[in-house]
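Beneath this line is the structure, given in structure tokens, with notes to follow.
Bear in mind the structure is a predicted one, so any value in this text is a computation, not a measurement. Residue numbering restarts at 1 for every chain, and letters A, B, ... go by the order of the sequence lines. Basis for what follows: all heavy atoms, side chains included, without hydrogens, waters or symmetry-related copies.
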Protein chains: 2
Amino acid sequence: MNPNPFERHQDIAAVARDTGLGKDTLRVWERRYGFPAPLRDEAGERLYPNEQVMRLRLVKRLIDQGFRPGTLLALDAAALQQRLDALAGKVGAGATATGDGGARPAGNAGVEMAERLVPLLRERAAESLRAALAQQLAREGLRGFVMDTVPAMNRRIGEAWTAGEIEVFEEHLYTELLQNQLRAAIHALPPAPGRPRVLLTTLKGEEHQLGLLMAEALLAAEGADCISLGPQTPVVDIVIAVARTAPQIVALSFSAAYSWRKARDGLLELRAALPSDVELWAGGGVIAARGAQIRGIVCFGRIDEVPGAVAEWRGRQAG
Amino acid sequence: MNPNPFERHQDIAAVARDTGLGKDTLRVWERRYGFPAPLRDEAGERLYPNEQVMRLRLVKRLIDQGFRPGTLLALDAAALQQRLDALAGKVGAGATATGDGGARPAGNAGVEMAERLVPLLRERAAESLRAALAQQLAREGLRGFVMDTVPAMNRRIGEAWTAGEIEVFEEHLYTELLQNQLRAAIHALPPAPGRPRVLLTTLKGEEHQLGLLMAEALLAAEGADCISLGPQTPVVDIVIAVARTAPQIVALSFSAAYSWRKARDGLLELRAALPSDVELWAGGGVIAARGAQIRGIVCFGRIDEVPGAVAEWRGRQAG
DNA sequence: ATGTCATTTTGTCCTGGACAAAAGTAGAAT
DNA sequence: ATTCTACTTTTGTCCAGGACAAAATGACAT
């Protein structure tokens with residue numbers, strides 16, 4: 001649309017907004033690794049060519065999957081893309097930072113829906129998008145929607161952002177609308193204050209809510225009695241909440257970028273602080289990636305293991 | 001609750017998050033004006049005492065109302081608070097940045113609702129808050145809700161943030177829930193694709209959506225046919241949208257922090273670009289503050305002038 | 001009131017050094 | 001074979017203080 005190469009250059013603030021990397025980080029990478037290597041304007045201020053911004057987006061995406069900058073900044077775009085593809089193709093990789101739910105081969109419905117997203121976002125057609133999500137959810141039912149369509153959509157959104165097809169703003173809009181749909185659907189379920197009662201949250205430092213919400217939706221769809229504390233609850237507050245609401249299960253969600261050490265330490269600390277008859281369930285990116293087995297904690301490798309786990313829990317209680 | 005003064009110190013990143021000011025800005029203020037004057041830890045890093053953070057919050061609030069740093073940073077907390085009070089007391093001050101809708105004396109219902117907000121936010125009781133908003137809206141009706149309760153709530157939230165009673169995160173949560181309620185209410189109105197047809201948006205650089213949404217709600221409640229483009233639409237895109245949707249009125253919303261020059265220039269540019277039979281309405285912070293009169297543009301001093309203006313428009317069309 | 005131009009004010013950018021926090025690694029211990 | 005501890009490397013953020021672009025103001029003419 002605008003082939004003028006000069007129009008493509010972005011200043012450091014724009015790149016920081018666009019990629020989610022800090023300005024300081026961009027500058028120190030340049031100093032240390034020689035990339036990015038922006039041009040300069042007359043005043044000596046950095047101007048990032050579009051091509052470098054694309055590459056930065058690939059880097060950011062891989063970092064969010066747990067890779068480290070030092071291993072990535074020397075690679076060219078093709079090599080980076082290759083790693084991303086490898087990651088996407090890996091079966092059983094588990095839910096990623098954006099909650100792709102593991103490399104479950106998505107059904108046709110999910111993929112078709114995912115393909116419709118990007119055009120709708122670019123048109124700023126918030127209302128149409130909302131309607132489309134609602135319709136798809138109604139058609140598939142909450143369970144199928146969360147296990148098939150949502151992961152497919154998240155994958156597509158991630159790709160689109162990496163490719164520069166959509167902007168951060170539009171990605172936020174998508175997340176917003178999807179979360180509203182999920183919340184509404186959970187809220188609209190027939191009120192069956194059944195068992196198990198599950199307390200959901202994420203640990204301090206984990207901002208991603210989507211995985212949490214997906215878990216809540218699945219649990220609620222199975223007839224569990226869900227109480228969500230929202231994200232970023234300190235361990236102390238979780239303990240207090242457990243004392244007050246007496247759940248049988250506490251479920252924690254983690255993104256792929258969350259540090260494994262912090263996750264494990266947090267889980268063990270919580271395990272020690274909670275009554276031993278309260279089960280502790282953990283799922284999401286890091287947990288799945290490590291195929292983790294922690295004593296006293298139930299770890300999920302894929303989001304679609306949730307319904308089965310609920311059934312199993314019920315069996316255990318009945319027996 | 002925690003009287004230990006050492007616990008109260010925050011590092012520069014926390015203060016930046018908390019106040020919404022940039023780290024660079026905090027440092028350059030210190031250099032230029034001598035305030036803030038943070039302590040230092042062993043490593044020489046800034047530690048801001050709580051008292052200074054409070055004062056920074058007051059400063060930020062006044063800047064958002066259009067004041068300039070140079071005039072504020074020499075003042076102590078009491079003097080800053082005084083200016084804020086003066087502002088709040090000023091009748092006809094118009095909708096502020098947070099959309100307080102002018103100093104309309106809020107009805108009892110509005111004030112009572114506003115008082116319930118802070119406790120609910122601090123408990124992270126998102127669901128209760130959502131329910132409370134929905135109930136209040138149902139009780140008052142959309143029009144009364146937008147003209148009385150929402151301004152009262154916004155004022156209370158602003159105060160609470162300034163006083164450090166709530167955090168940014170909680171303020172966002174409030175805005176989010178309120179916007180959802182308004183959108184749902186607009187959407188739920190009996191489908192009366194009446195007249196006038198109104199296109200709503202904000203100019204590029206204006207991020208505040210709440211005022212826009214309040215205007216849309218009022219217009220929709222009056223039976224107008226509203227089309228919202230969302231915030232930050234460049235003039236060119238507005239012109240294109242007008243050509244496609246053929247509205248009789250284009251409505252623009254501005255916060256108090258928006259530059260008066262940019263607002264006026266943008267409005268005039270738009271006026272020149274649009275067919276002369278399309279009316280141009282403008283309202284919100286800056287517009288109201290200047291008691292502005294611009295030729296060819298209808299300026300609103302207070303949000304509750306909107307219903308009357310619609311009635312008047314209809315009279316003009318009928319006659 | 002509105003436009004123009006010079007003068008301030010204000011926020012952001014720059015460099016390059018430093019270091020705290022996080023993550024990886026290795027060896028010992030359960 | 002995992003878990004713990006101590007050591008090393010990586011990585012992001014902080015600092016100082018100079019510079020300057022962008023925005024706002026003020027003066028003056030229309």
Got a list of side-chain donor-acceptor pairs under 3.5 Å for residues 48-56 of chain B, not counting sequence neighbours?
from: B/Q52; atom 1: OE1; to: B/A37; atom 2: N; distance (Å): 2.8
from: B/Q52; atom 1: NE2; to: B/A37; atom 2: O; distance (Å): 3.0
from: B/R55; atom 1: NE; to: B/L75; atom 2: O; distance (Å): 3.1
from: B/R55; atom 1: NH2; to: B/L73; atom 2: O; distance (Å): 3.4
from: B/R55; atom 1: NH2; to: B/L75; atom 2: O; distance (Å): 3.1

For DNA chain C, what residues of residues 30-48 of chain B have any heavy atom nearer than 4.0 Å?
B/R32, B/Y33, B/A43

Provide the full list of side chain to side chain donor-acceptor pair (under 3.5 Å) pairs with a residue in residues 36-45 of chain B, sequence neighbours left out, each pair given once.
B/E30-B/R40

Of A/V28 and A/K23, the one whose nearest nucleotide on DNA chain C sits closer to the 5' end is A/K23

How far apart are the C-alpha atoms of A/T202 and A/Q209, what are their side-chain angles, what is the distance that settles it, and do they pass the side chain to side chain contact (heavy atoms under 4.5 Å, CB included) test?
CA-CA 8 Å; A/T202 73; A/Q209 303 192 45; over 6 Å; no

Given side chains that start at C-beta, do those of A/L270 and A/L252 come closer than 4.5 Å, heavy atoms only?
yes

Spacing between B/L26 atom CG and C/dT12 atom P, to the nearest angstrom:
11 Å

Kindly write out the residues that satisfy ring-ring contact (aromatic ring centres under 6.0 Å, His included) with B/F300, not counting sequence neighbours, or none if the list is empty.
B/W281

Gap between atoms CD and P, on A/Q10 and C/dT12 respectively (whole Å)
18 Å

Within the structure provided, determine whether B/S255 and B/E206 are in side-chain contact (heavy-atom separation under 4.5 Å).
yes

Using a cut-off of less than 4.0 Å, is there contact between a side-chain N or O of A/T25 and OP1 or OP2 of D/dT11?
no

Can you measure A/D265 atom CG to C/dA22 atom C1' for me and round it to whole angstrom units?
12 Å

Out of D/dC15, D/dG12, C/dC13, which has the shortest distance to the side chain of B/I12?
D/dC15

Close N/O contacts between protein and nucleotides 27-30 of chain C (under 3.5 Å):
none

From CZ of B/R264 across to P of C/dT4 the rounded distance in Å is 10 Å

Send over the distance from A/R295 CZ to D/dT2 C1', rounded to a whole Å.
11 Å

Return the set of residues passing side chain to side chain donor-acceptor pair (under 3.5 Å) with A/T162 (not counting sequence neighbours), or none when no residue passes.
A/R61

Identify the residue among B/I294, B/V298, B/L268, B/L274 that makes a side chain to side chain contact (heavy atoms under 4.5 Å, CB included) with B/L280.
B/L274

In B/S/- notation, 5' to 3', how is nucleotides 22-30 of chain D contacted by protein heavy atoms closer than 4.0 Å?
--SBB----

Using whole Å, report how far CG of A/D24 lies from P of C/dG17.
16 Å

If you count heavy atoms of other groups shown closer than 6.0 angstrom to CD of A/E305, is the number above 12?
yes

Side chains of A/K204 and A/P234: does their closest heavy-atom pair fall under 4.5 Å?
yes

Strictly by salt bridge (Lys or Arg N to Asp or Glu O under 4.0 Å), give each pair with a member in residues 256-283 of chain B just once, sequence neighbours left out.
B/E279-B/R316

Is A/R27 touching bases, backbone alone, or none of the nucleic acid, heavy atoms closer than 4.0 Å?
base

Contacts of type side-chain contact (heavy atoms from CB on, under 4.5 Å), residue B/A263, not counting sequence neighbours
B/F254, B/Y258

Donor-acceptor contacts under 3.5 Å from residues 12-23 of chain A side chains, at least two apart:
from: A/D18; atom 1: OD1; to: A/R57; atom 2: NH1; distance (Å): 3.0
from: A/D18; atom 1: OD2; to: A/R57; atom 2: NH1; distance (Å): 3.2
from: A/T19; atom 1: OG1; to: A/V15; atom 2: O; distance (Å): 2.8
from: A/T19; atom 1: OG1; to: A/L21; atom 2: N; distance (Å): 3.2

Does anything in residues 268-276 of chain B come within less than 4.0 Å of DNA chain C? Heavy atoms only, and list the residues if so.
none

Tell me the interatomic distance from B/D11, atom CG, to C/dA20, atom P, rounded to whole angstroms.
14 Å

What is the distance, to the nearest angstrom, from the CG atom on B/L73 to the C1' atom on C/dT10?
11 Å

Pairing residues for A/V236 by the side-chain contact (heavy atoms from CB on, under 4.5 Å) criterion, not counting sequence neighbours
none

